[in-house]
Amino acid sequence: MKIARITLRHVRMPFRHAFSTSRWTLTHKDAILVEAATDGGLTGWGECVALAYPDYCYESTAINALVLREYLVPLVLGRELADAQALWDAMSPVAGHRIAKAGLECAFWDLDAQACGQSLSTRLGGTRGRVETGVSVSVHDTPEALLRSVEGYLREGYGRVKLKIKPGKDLAETALVRKNWPGLKLQVDGNAAYTLEHLDRLAGLDDLGLLLIEQPLSNEDIIDHAQLQRRMRTAVCLDESILSADDARKALSIGACRVINIKPGRVGGVRESLRIHDLCRAQGVPVWMGGMFETGIGRALNVAVASLPGFTLPGDISASAKYFEEDIVEEPFALNADSTLTVPTAPGLGIRVDARRLARYTVAEETFRTR
Ligand code: OSB
Ligand code: MG
């Protein structure tokens with residue numbers, strides 16, 4: 001496979017509601033979309049999932065664009081790439097920047113699966129036609145507003161709820177949701193806002209019957225998480241701390257977590273996601289699909305990867321309508337009555353990008369060609 005043309009687009013799409021975590025509030029989704037074309041007439045799409053500001057990690061939308069334009073695109077354009085490993089090797093002169101790499105890698109997989117005439121799910125060995133989903137719920141100003149939000153999502157049909165928490169807005173809020181819905185599949189996400197000084201506070205979550213507690217401590221840490229996991233019955237799940245299969249192996253070997261959140265963007269793409277999936281499956285460790293407010297492009301990727309057998313917990317893959325009035329794909333992802341999304345069956349990612357809507361949200365665009 002040879003990529004002959006790459007177009008990078010910065011899209012900016014308004015959220016239906018502002019979204020807050022322990023660290024930031026967002027009103028828009030920003031992303032770099034990668035459109036890659038072969039001489040043979042195939043077009044593949046990928047999405048770089050970094051946020052507009054580098055606070056979830058050191059990558060951001062602007063940094064993705066810079067790294068792609070200056071370094072990654074020149075490394076891959078016009079080069080013969082046998083498979084995703086060859087693409088990874090071609091990009092290896094650039095250290096880190098896994099989100100930028102994953103955007104390109106997704107477009108490559110879309111092309112590769114189309115060339116095989118298979119859906120990406122089938123190409124990867126997916127075993128289900130529907131994937132179980134849940135919602136990630138913003139930090140709210142008041143407990144009443146939080147309860148109203150959760151109630152709304154349950155009415156829409158979501159069967160699992162993840163509450164964003166931060167120090168001081170955690171125990172009481174989570175206990176309140178638990179009291180209102182005793183049987184609800186419930187979990188929390190601290191987005192690295194806690195330290196070991198909060199050990200007692202975090203251990204207080206143990207009585208609330210949570211599926212897991214996600215990334216309470218620092219991005220850079222696995223040692224303190226291991227200490228926390230020894231203190232808690234609830235499974236600790238790592239998100240920000242796991243950038244590779246090697247990170248996952250080390251974290252599991254010291255007991256820093258009992259569950260792992262896989263985001264293809266965060267770990268450098270599908271190839272690394274498969275490695276983490278396989279490692280965890282071999283050890284009997286559950287994994288689930290994370291989310292980064294994806295457009296229909298990244299959402300299609302997440303749904304395909306989540307169709308693999310090791311994804312045994314519901315993912316943060318909601319319907320497009322949770323975030324957007326209008327998605328950029330022709331058929332937005334919609335929730336089924338059993339709290340699932342349907343895995344696309346058309347070749348590749350199985351989506352069609354709507355050119356008019358794409359143009360509406362594009363704020364910058366640049367094209368690169370082989371000469
Ligand atoms: O920590 O899981 C997270 C969104 C952006 C960055 C980090 C996270 C999230 C979410 C939203 O929780 C998940 C979604 O896309 O619905
Ligand atoms: Mg998280």
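Atoms considered below: every heavy atom in the structure, side chains included; atoms not considered: hydrogens, waters and symmetry mates. Remember, it's 1-based here, ligands and their atoms both numbered in the order they're listed.
- Looking at heavy atoms from C-beta onward, I6 lies in side-chain contact with V34 at the 4.5 angstrom threshold.
- A salt bridge does not link E156 to K322: none of the charged nitrogens lies less than 4.0 Å from a carboxylate oxygen.
- The K263 neighbourhood of ligand 1 comprises atoms 1 (O), 2 (O), 3 (C), 7 (C), 8 (C), with distances under 4.0 Å to a heavy atom of that residue.
- Polar contact check, D189 against ligand 1: a nitrogen or oxygen pair lies under 3.5 Å apart.
- Counting all heavy atoms, side chain and backbone alike, S320 lies closest to R299 at OG-CD, 4.0 Å.
- With hydrogens left out, the protein atom closest to atom 16 (O) of ligand 1 is Y323 OH, 2.6 Å, a heavy atom.
- Here is the list of ligand 1 atoms found below 4.0 Å of a heavy atom in D239: 1 (O), 2 (O), 3 (C).
- Under 4.0 Å from ligand 1, the heavy atoms of N191 that appear belong solely to its side chain.
- The side-chain hydrogen bond (donor to acceptor under 3.5 Å, both in side chains) with Y56 is formed by just one residue from the set D239, T21, N219, N191; it is D239.
- Under the 30°/60° scheme for interplanar angles, the aromatic rings of Y323 and F293 are found to stand perpendicular.
- Looking only at side-chain heavy atoms (C-beta outward), N261 and W288 come within less than 4.5 Å of each other.
- The distance from the Mg ion (ligand 2) to the nearest N/O/S atom of E240 is not under 2.8 Å.
- Here's the thing with W24: none of its N/O atoms is less than 3.5 angstrom from an N/O atom of ligand 1.
- Near K162, meaning under 4.0 Å from one of its heavy atoms, ligand 1 places the atoms 2 (O), 3 (C), 12 (O).
- Taking any N or O of S318, backbone or side chain, none lies under 3.5 Å from an N or O belonging to ligand 1.
- Residues V135 and L147 fall within the same hydrophobic cluster, defined by Ile, Leu, Val, Met, Phe, Trp and Tyr side chains chained together at heavy-atom separations under 4.5 Å.
- Side-chain contact between H277 and P309: present, with at least one pair of heavy atoms (C-beta onward) separated by less than 4.5 Å.
- Proximity to E214 (heavy-atom distance under 4.0 Å) selects the following atoms of ligand 1: 2 (O).
- Residue-ligand proximity, F293 to ligand 1, at heavy-atom distances under 4.0 Å covers atoms 4 (C), 5 (C), 11 (C), 14 (C), 15 (O).
- Of all the atoms in ligand 1, the ones that sit under 4.0 Å from a non-hydrogen atom of G291 are 4 (C), 8 (C), 9 (C), 10 (C), 11 (C), 13 (C), 14 (C), 15 (O).
- Side-chain contact between R160 and E132: absent, with no pair of heavy atoms (C-beta onward) separated by less than 4.5 Å.
- Within ligand 1, the atoms closer than 4.0 Å to a non-hydrogen atom of K164 are 1 (O), 2 (O), 3 (C), 8 (C), 9 (C), 10 (C), 12 (O), numbered from 1 in the order shown.
- Judged by distance alone, the side chain of K101 and the main-chain N or O of V267 form no donor-acceptor pair under 3.5 Å.
- Set against the non-hydrogen atoms of M292, the atoms of ligand 1 under 4.0 Å away are 4 (C), 5 (C), 6 (C), 7 (C), 15 (O).
- Our summary of the site lists the angle at the Mg ion (ligand 2) between OE2 of E214 and OD2 of D189 as 90°, to the nearest 10 degrees.
- Closest to the Mg ion (ligand 2) among the N, O or S atoms of D239 is OD2.
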